[in-house]
Amino acid sequence: MAHQRVLVTGAAGFIGNAFLRRLLETDADVQAMTLDALTYAGHRENLEDLPGAARHVFRQGDVASAEDVAAAFAAFQPDAVVHLAAETHVDRSILDPAPFMRTNVHGTQVLLDACRAAGIRMVLVSTDEVYGDREDGTAATPDSPLRPSNPYAATKAAGDLLALAAHRTHGQDVLVTRCTNNFGPRQTPEKLIPLMTLRAQAGKRLPIYGDGLQRRDWLHGDDHADGLLAALARGAPGRVYQFAGGRGRTNLAIVQAILALAGGAPTQIEHVGDRPGHDRYYALDDAATRAELAWAPTRDFEPALEATVAWYLANPAWCRAVAGEGLRTFLEANYEARGPA
Ligand code: NAD
Ligand code: TYD
């Protein structure tokens with residue numbers, strides 16, 4: 001079913017923005033509202049040059065505020081919500097979990113309540129991190145136990161469980177999606193790929209947590225966005241859909257690739273103290289989702305990484321605009337916490 005009025009939370013951030021752009025460019029009839037608090041990770045710059053900009057409206061607001069959400073619903077009258085607003089950085093959640101509790105847990109319940117009252121569909125966007133470390137090397141299915149390792153993942157798991165409980169208790173039309181690590185343009189440059197790109201280019205040290213042999217499965221944000229479009233249109237209530245790239249790579253290999261692309265020197269790589277509770281391996285089994293939603297990623301990793309690195313290097317004005325005081329303070333506190341390896 002095509003939804004005509006879609007409220008997207010968190011679309012001033014990275015994946016929400018990729019989703020908003022795909023939504024507006026693939027459906028010429030859709031109207032979209034962004035609801036975003038513009039935290040350190042939300043950037044007005046991301047809402048410039050939108051395709052179909054005349055069909056989009058931005059509203060600043062907090063998903064954990066019932067008043068802000070009610071006002072957004074009253075103003076826009078959505079017929080579906082795709083919920084991507086979240087606190088998302090594991091390292092920040094270790095330093096201070098409070099905003100993660102508020103946004104990822106309470107905010108998700110506020111939106112669930114609003115969607116139930118309005119009788120509309122909600123897609124909750126979640127992560128492979130809810131399954132925790134897949135030390136045995138197997139890919140998690142939606143039936144695998146949730147074993148989150150850090151406050152970020154624990155608050156995401158709580159949100160997922162609240163959504164699935166709303167379906168069971170109230171028969172609510174809500175579905176959950178889980179995805180592996182995303183990369184692409186417009187990601188706040190404190191996450192691995194943009195951070196290492198900009199530091200490599202600037203000749204700064206590249207801090208690798210621990211031995212750097214942790215593996216992540218990277219999916220391009222636009223492939224994730226296409227999966228979310230499919231889940232919104234064709235997903236069944238109460239289901240969990242999974243999106244994966246299909247191949248894990250070590251952090252060290254990723255950073256070496258970035259170094260080569262951004263023109264840095266191998267001596268910039270510096271092993272620092274490990275992230276506490278650092279998961280070694282994530283993997284998702286997305287076979288059921290691929291079959292049911294007729295979705296598959298379309299981008300090969302290497303050329304997509306090259307294009308991503310090139311995007312950050314070609315957009316210094318964007319990089320400067322998003323790197324505010326909040327980002328600098330966090331990076332200092334984070335590396336102080338890491339210390340030497
Ligand atoms: P991000 O940190 O880049 O952006 C988050 C956005 O949410 C920002 O625009 C921010 O301003 C907004 N926001 C935060 N708190 C808010 C609040 N209380 N009210 C309204 N807006 C608020 O995040 P991202 O990487 O784009 O992730 C989006 C979603 O996808 C999250 O739910 C995340 O858990 C999930 N996810 C991310 C990844 C990944 O690799 N980045 C992978 C799988 C799933
Ligand atoms: P990140 O981008 O924070 O995503 P996530 O923790 O959600 O997977 O980090 C990706 C991986 O890179 C993770 O294993 C931690 C590691 N990492 C570093 O080694 N150094 C860094 O400076 C950062 C930000 C991450």
Side-chain angles (χ1 to χ4, degrees), residues 8-19 34-44 46-47 59-65 68-69 72 82-94 99-100 102-104 106-108 110-111 124-130 149-150 152-153 155-156 159-160 177-184 186-196 199 205-219 221 224-225 228 242-244 249-252 254-255 269-275 278-282 284 322 330-331 334-335 338:
V8 186
T9 71
F14 166 46
I15 304 169
N17 195 257
F19 173 74
T34 293
L35 178 64
D36 196 299
L38 297 182
T39 69
Y40 76 92
H43 314 298
R44 280 187 189 278
N46 286 352
L47 299 170
R59 190 177 178 99
Q60 186 164 2
D62 178 358
V63 295
S65 157
D68 284 6
V69 169
V82 182
H83 178 33
L84 298 109
E87 287 289 338
T88 62
H89 196 152
V90 173
D91 294 322
R92 283 184 185 260
S93 80
I94 294 168
F100 290 73
R102 178 177 157 77
T103 294
N104 300 359
H106 185 60
T108 297
V110 167
L111 277 170
L124 171 62
V125 179
S126 189
T127 165
D128 59 359
E129 299 200 25
V130 297
S149 303
N150 56 65
Y152 161 66
T155 58
K156 290 299 292 184
D160 292 13
T177 65
R178 294 183 181 139
C179 187
T180 57
N181 280 61
N182 280 212
F183 70 105
R186 302 184 189 84
Q187 183 172 31
T188 296
E190 63 177 32
K191 300 281 177 73
L192 185 75
I193 288 178
L195 179 77
M196 295 296 173
R199 291 183 72 90
R205 69 195 178 104
L206 308 177
I208 300 219
Y209 300 166
D211 60 13
L213 299 181
Q214 307 85 359
R215 298 177 84 84
R216 298 289 183 265
D217 172 14
W218 293 91
L219 184 73
H224 186 186
L228 297 176
Q242 316 220 97
F243 307 113
R249 289 169 172 81
T250 67
N251 293 338
L252 197 53
I254 297 280
V255 173
I269 291 182
E270 183 185 358
H271 291 267
V272 298
D274 209 349
R275 173 187 278 173
H278 200 170
D279 289 329
R280 301 288 296 179
Y281 182 64
Y282 294 135
L284 284 182
V322 305
F330 160 71
L331 287 175
N334 189 37
Y335 294 136
R338 292 288 82 78

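Everything numeric here is computed off the predicted structure, so don't read it as measured data. Counting starts at 1 for both ligands and their atoms, following the listed order.
Here the shortest heavy-atom pairing between S149 and D279 reads OG-OD1, 2.5 Å. Here the closest non-hydrogen pair linking A244 and D217 is CB-OD2, 3.5 Å. Across all non-hydrogen atoms, the minimal contact from N46 to G13 is ND2-O, 3.6 Å.
Atoms of ligand 1 lying under 4.0 Å from at least one heavy atom of N181, given by number and element, are 40 (O). Within ligand 2, counting atoms from 1 as listed, the ones closer than 4.0 Å to a heavy atom of I208 are 19 (O). Atoms of ligand 1 lying under 4.0 Å from at least one heavy atom of A86, given by number and element, are 5 (C), 7 (O), 14 (C), 31 (C), 32 (O). The atoms of ligand 2 that sit less than 4.0 Å from any heavy atom of N181 are 4 (O), 5 (P), 8 (O). Of all atoms in ligand 1, numbered sequentially from 1 with element shown, those under 4.0 Å from a heavy atom of T180 are 42 (C), 43 (C). If you number the atoms of ligand 1 from 1 as listed, the ones under 4.0 Å from a heavy atom of Y152 come out as 33 (C), 34 (O). Near V125, the atoms of ligand 1 lying under 4.0 angstrom from a non-hydrogen atom of the residue are 30 (O), 32 (O).
For atom 7 (O) of ligand 2, the nearest non-hydrogen atom of the protein is E129 OE2, 2.5 Å. Given atom 16 (C) of ligand 2, the protein heavy atom at minimum distance is N251 ND2, 3.4 Å. Of all protein heavy atoms, the one closest to atom 22 (C) of ligand 1 is A85 CB, 3.7 Å. Atom 22 (O) of ligand 2 has its closest protein heavy atom at Y335 OH, 3.0 Å. Protein heavy atom in closest approach to atom 4 (O) of ligand 1: G13 CA, 3.5 Å. Nearest non-hydrogen protein atom to atom 18 (N) of ligand 1 is D62 OD1, 2.8 Å. Atom 6 (O) of ligand 2 has R275 NH1, 2.6 Å as its closest protein atom, hydrogens excluded (heavy atom only). In terms of protein heavy atoms, atom 37 (C) of ligand 1 is closest to I15 CD1, 3.3 Å. Annotation: atom 28 (C) of ligand 1 to nearest protein heavy atom, L84 O, 3.3 Å. Distance from atom 10 (C) of ligand 2 to its nearest protein heavy atom, with residue and atom name: L192 CB, 3.9 Å. Nearest protein heavy-atom neighbour of atom 24 (C) of ligand 2: E190 O, 3.5 Å.
Between R216 and ligand 2, a contact under 3.5 Å exists for at least one N or O pair. Remark: ligand 1 and T103 share an N or O pair separated by less than 3.5 Å (distance only, no angle test). The N/O atoms of A64, backbone and side chain alike, include none that comes under 3.5 Å of an N/O atom in ligand 1. Distances between N or O atoms of V63 and those of ligand 1 include at least one value under 3.5 Å.
Considering only non-hydrogen atoms, atom 43 (C) of ligand 1 lies nearest to C179 out of G16, A41, G159, C179. If you check each of K191, H278, Q214 against atom 13 (C) of ligand 2, the one with the closest non-hydrogen atom is H278.
Taking the six-membered ring where the residue is Trp, the centroids of F330 and H89 are separated by under 6.0 Å.
Not close to ligand 1: A11, with no non-hydrogen atom less than 4.0 angstrom away. Using a 4.0 Å heavy-atom cutoff, T188 is absent from the residues neighbouring ligand 1.
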